[in-house]
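First the structure, in the form of structure tokens, and then the observations on it.
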Amino acid sequence: YGRVKALEAMYINDLVEGDVVEFTEAGVKAAITPYVAGKKEGFAKIVNAKGKELIVSEFHGDKKNGSYSEYFADGSPAKKATYVDDLLEGEYSSFFAHGKLQEQSFYKEGKLQGNQTIYYENGNIQSSFFFVDGLYDGEITSYFEDGGVNFVRHFDKGVPIGKQEE
């Protein structure tokens with residue numbers, strides 16, 4: 001959202017209290033972050049020059065805890081995720097500008113866990129992976145945009161195994 005020129009904040013007993021508002025060099029409101037007793041608490045927002053939300057992130061106890069969303073300039077979703085203690089947790093989705101799904105993954109304690117699927121803009125699968133504790137595990141497959149198989153790889157907890165098919 002550009003460089004920050006000014007901040008607006010209130011302090012009570014040397015701790016930030018209430019909304020901290022950031023302004024761009026042009027004097028436009030760019031971000032709003034709520035604080036309680038010096039810690040981020042509530043929904044922080046980054047907005048564009050027209051005030052439309054670009055990023056909304058939930059904080060509790062000064063950490064990302066809860067929903068996280070990013071938006072394209074037109075307001076359509078770009079990313080959706082959940083955080084627990086600043087770590088990705090649960091389903092993560094990203095989208096192309098036209099709204100179609102680009103990636104769908106699952107996280108546990110900040111590490112990829114389970115299936116991850118990445119798509120081409122035409123909706124065909126680009127790649128399909130399986131993760132255990134953030135490491136490739138099992139078969140991963142990459143596809144051409146027309147749907148044909150590009151390659152297949154096999155992994156055991158991050159280590160390539162067996163025949164790697166091209």
Side-chain angles (χ1 to χ4, degrees), residues 1-137 140 143 145:
Y1 59 87
R3 291 180 42 192
V4 173
K5 178 182 180 182
L7 288 173
E8 184 180 279
M10 182 172 67
Y11 287 82
I12 297 175
N13 298 324
D14 292 328
L15 297 174
V16 179
E17 190 69 39
D19 288 344
V20 171
V21 183
E22 299 175 46
F23 297 89
T24 66
E25 291 177 320
V28 177
K29 191 183 293 185
I32 304 145
T33 306
Y35 282 79
V36 174
K39 295 183 177 183
K40 294 176 187 171
E41 192 68 39
F43 288 92
K45 299 175 184 181
I46 295 175
V47 296
N48 66 16
K50 295 180 181 178
K52 274 195 159 186
E53 295 173 347
L54 297 176
I55 298 175
V56 178
S57 187
E58 189 173 359
F59 285 86
H60 296 288
D62 212 30
K63 294 182 177 182
K64 284 183 189 173
N65 273 299
S67 63
Y68 175 89
S69 299
E70 288 186 26
Y71 301 92
F72 291 106
D74 68 359
S76 63
K79 295 178 183 176
K80 290 190 178 289
T82 301
Y83 281 82
V84 174
D85 291 334
D86 280 337
L87 298 174
L88 282 165
E89 186 71 30
E91 189 174 317
Y92 168 91
S93 301
S94 66
F95 303 89
F96 290 105
H98 53 70
K100 283 191 176 181
L101 190 61
Q102 181 179 31
E103 176 186 343
Q104 190 159 37
S105 304
F106 191 84
Y107 285 82
K108 184 164 179 62
E109 298 175 351
K111 295 179 182 177
L112 282 162
Q113 187 73 28
N115 290 319
Q116 177 190 50
T117 306
I118 299 172
Y119 298 89
Y120 287 106
E121 283 194 67
N122 67 10
N124 287 346
I125 295 174
Q126 180 178 354
S127 53
S128 178
F129 309 96
F130 192 83
F131 289 88
V132 173
D133 292 329
L135 301 172
Y136 292 126
D137 198 65
I140 66 167
Y143 300 90
E145 196 164 356

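Keep in mind that this is a model prediction, so the values were computed, not measured.
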Write down the atom of [X], the atom of [Y], and the distance for their closest heavy-atom approach.
X	Y	answer
Ala81	Leu88	CB-CD2, 3.6 Å
Lys100	Glu121	CD-O, 3.5 Å
Phe43	Ser67	CE2-OG, 3.6 Å
Ser69	Lys80	OG-NZ, 4.0 Å
Tyr136	Ile140	CD2-CG2, 3.8 Å
Phe59	Lys64	CD2-N, 3.6 Å

Which distance, rounded to the nearest 0.5 Å, do you find between the [atom1] of [X] and the [atom2] of [Y]?
X	Y	atom1	atom2	result
Glu58	Thr82	CD	OG1	9.0 Å
Leu54	Lys45	CG	NZ	12.0 Å
Ser128	Tyr119	OG	OH	8.0 Å
Lys29	Thr24	NZ	OG1	12.0 Å
Asp74	Lys52	CG	NZ	6.5 Å
Ile118	Leu101	CD1	CG	10.5 Å

Subject >> Side-chain (Asp137) to main-chain (Phe131) donor-acceptor, under 3.5 angstrom >> reply: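 Side chain of Asp137 to backbone of Phe131: no pair is present.
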Original post:
Does Glu145 offer a backbone N or O that forms a donor-acceptor pair with the side chain of Asn124 under 3.5 Å?
Top reply: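 Here the side-chain-to-backbone pair exists.
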Original post:
Using the ring of each side chain (for Trp, its six-membered ring), is His98 parallel, tilted or perpendicular to Phe96, with breaks at 30° and 60°?
Top reply: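 Rings of His98 and Phe96: parallel, under 30°.
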**OP:** For Glu91 and Gln104, run side-chain contact (heavy atoms from CB on, under 4.5 Å): C-alpha distance rounded to whole Å, both residues' side-chain angles, the deciding distance at 0.1 Å, then the answer.
**Re:** CA-CA 7 Å; Glu91 189 174 317; Gln104 190 159 37; 2.9 Å; yes
Sequence neighbours left out, cut at 3.5 Å: what donor-acceptor pairs do the side chains of residues 106-117 make with other protein atoms?
| from | atom 1 | to | atom 2 | distance (Å) |
| --- | --- | --- | --- | --- |
| Gln113 | OE1 | Asp133 | N | 2.8 |
| Gln116 | NE2 | Glu103 | OE2 | 2.9 |
| Gln116 | NE2 | Ser105 | OG | 3.2 |

Subject >> Step-by-step side-chain contact (heavy atoms from CB on, under 4.5 Å) determination, Tyr71 to Val56 >> reply: CA-CA 9 Å; Tyr71 301 92; Val56 178; 4.2 Å; yes
**OP:** Could you tell me which residues satisfy ring-ring contact (aromatic ring centres under 6.0 Å, His included) with Tyr83, sequence neighbours excluded, listed by chain and number?
**Re:**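 Tyr83: ring-ring contact (aromatic ring centres under 6.0 Å, His included) contacts with Tyr68.
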**OP:** Could you go through the side-chain contact (heavy atoms from CB on, under 4.5 Å) check for Glu17 and Val36 one step at a time?
**Re:** CA-CA 5 Å; Glu17 190 69 39; Val36 174; 4.1 Å; yes
Subject >> Counterpart residues, side chain to side chain contact (heavy atoms under 4.5 Å, CB included), relative to Lys79 (two or more places apart) >> reply: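 If we apply the side chain to side chain contact (heavy atoms under 4.5 Å, CB included) test to Lys79, skipping adjacent residues, the hits are Glu70, Tyr92, Ser94.
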**OP:** Could you walk me through whether Asn65 and Val84 pass side-chain contact (heavy atoms from CB on, under 4.5 Å), step by step?
**Re:** CA-CA 5 Å; Asn65 273 299; Val84 174; 4.0 Å; yes
